[in-house]
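Take a look at the structure set out below.
Note that the structure is predicted; figures quoted are calculated from it, not measured.
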Amino acid sequence: FRDFSLLVEHTKVGEFAAGLERGVILATRCKECGRIYYPPRHDCSRCLSDQMEWIELNGTGKLVSFTAIFVPPEHFTPDLSTAAPFASYEYHPAPVGIVELKNGVRVMGWIPGIPRKELRVGMELVPMPELLPDGRATIVLAPPPEE
């Protein structure tokens with residue numbers, strides 16, 4: 001987790017950040033009751049099992065909510081002389097949203113490629129990992145590829 005947003009170095013679900021660096025978004029699923037957790041968890045809050053497995057999240061989802069961040073968190077732009085995540089949004093709204101995948105899992109991410117005025121609840125977006133120029137990993141929501 002050292003390269004994911006808040007610089008958490010030790011966690012029981014560190015595979016999540018490693019997955020983003022490999023280009024996949026991971027969740028955990030309880031082997032006992034089947035509940036899927038995103039963000040991933042080490043233990044199931046439903047049946048209290050610690051028997052979890054990693055699963056890959058992929059596919060298109062529907063935008064269920066979005067907003068714009070007008071003042072990015074300090075850890076996103078600690079030094080504007082370096083390539084910070086979405087530093088080009090310093091004085092402009094940075095859209096973020098939540099998509100719901102077909103399996104019901106909701107994933108939050110930045111929406112850098114779509115103008116805020118064009119965002120609509122219900123539009124289809126794909127959550128994708130992205131490695132930023134400063135080496136940190138994040139999740140972006142993008143239009144599905146044209147077929």
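Contact record, L141 with P112: O-CD, 4.4 Å, taken as the closest heavy-atom pair. A pairwise comparison of heavy atoms in L63 and S65 identifies CD1-O, 3.4 Å as the closest pair. The shortest non-hydrogen separation linking L101 to V107 is CD1-CG2, 4.1 Å. Taking both residues in full, the closest heavy atoms of I114 and P95 are given as O-CG, 4.3 Å, listed atom of the first, atom of the second, then distance. For the residue pair K62 and E124, the shortest heavy atom distance occurs at NZ-OE2, 3.5 Å. Considering every non-hydrogen atom in both F66 and L119, the closest pair reads CZ-O, 3.6 Å.
Of the options L26, L57, I55, a side-chain contact (heavy atoms from CB on, under 4.5 Å) to Y38 is made by L57 and by none of the others.
Grouped with L48 in a hydrophobic cluster is no other residue, since no side-chain heavy-atom contact under 4.5 Å to another Ile, Leu, Val, Met, Phe, Trp or Tyr is found.
I98 and F16 fall into different hydrophobic clusters, where Ile, Leu, Val, Met, Phe, Trp and Tyr are joined by side-chain heavy atoms under 4.5 Å apart, directly or via other members. V121 and V64 are assigned to two separate hydrophobic clusters, defined by single-linkage of ILVMFWY side chains at heavy-atom distances under 4.5 Å. If you chain together hydrophobic residues whose side chains sit under 4.5 Å apart, M108 and I111 never meet in one group. Grouping the Ile, Leu, Val, Met, Phe, Trp and Tyr side chains by contacts below 4.5 angstrom, directly or via other members, places I25 with V105.
R22 meets the salt bridge (Lys or Arg N to Asp or Glu O under 4.0 Å) test with E15; sequence neighbours excluded. For E100, the side chain to side chain donor-acceptor pair (under 3.5 Å) partners at least two apart in sequence or on another chain are R106. For V96, the side chain to side chain contact (heavy atoms under 4.5 Å, CB included) partners two or more places apart in sequence, or in a different chain, are T67, I69, W110. In this structure K31 satisfies the salt bridge (Lys or Arg N to Asp or Glu O under 4.0 Å) test with no other residue, sequence neighbours excluded. Annotation: ring-ring contact (aromatic ring centres under 6.0 Å, His included) contacts of Y37 (sequence neighbours excluded): none. With sequence neighbours excluded, the residues that form a side chain to side chain contact (heavy atoms under 4.5 Å, CB included) with E32 are C30, C47, S49, Q51. For M128, the side chain to side chain contact (heavy atoms under 4.5 Å, CB included) criterion is met by V126, V140, A142, not counting sequence neighbours.
Note: K102 NZ to N58 CG = 10.0 Å, rounded to the nearest 0.5 Å. With rounding to the nearest 0.5 angstrom, the OG1 atom of T138 is 10.5 Å from the CG atom of L131.
Note on residues 45-61: pairs passing salt bridge (charged side-chain N to carboxylate O under 4.0 Å, His left out), not counting sequence neighbours, are R29-E53.
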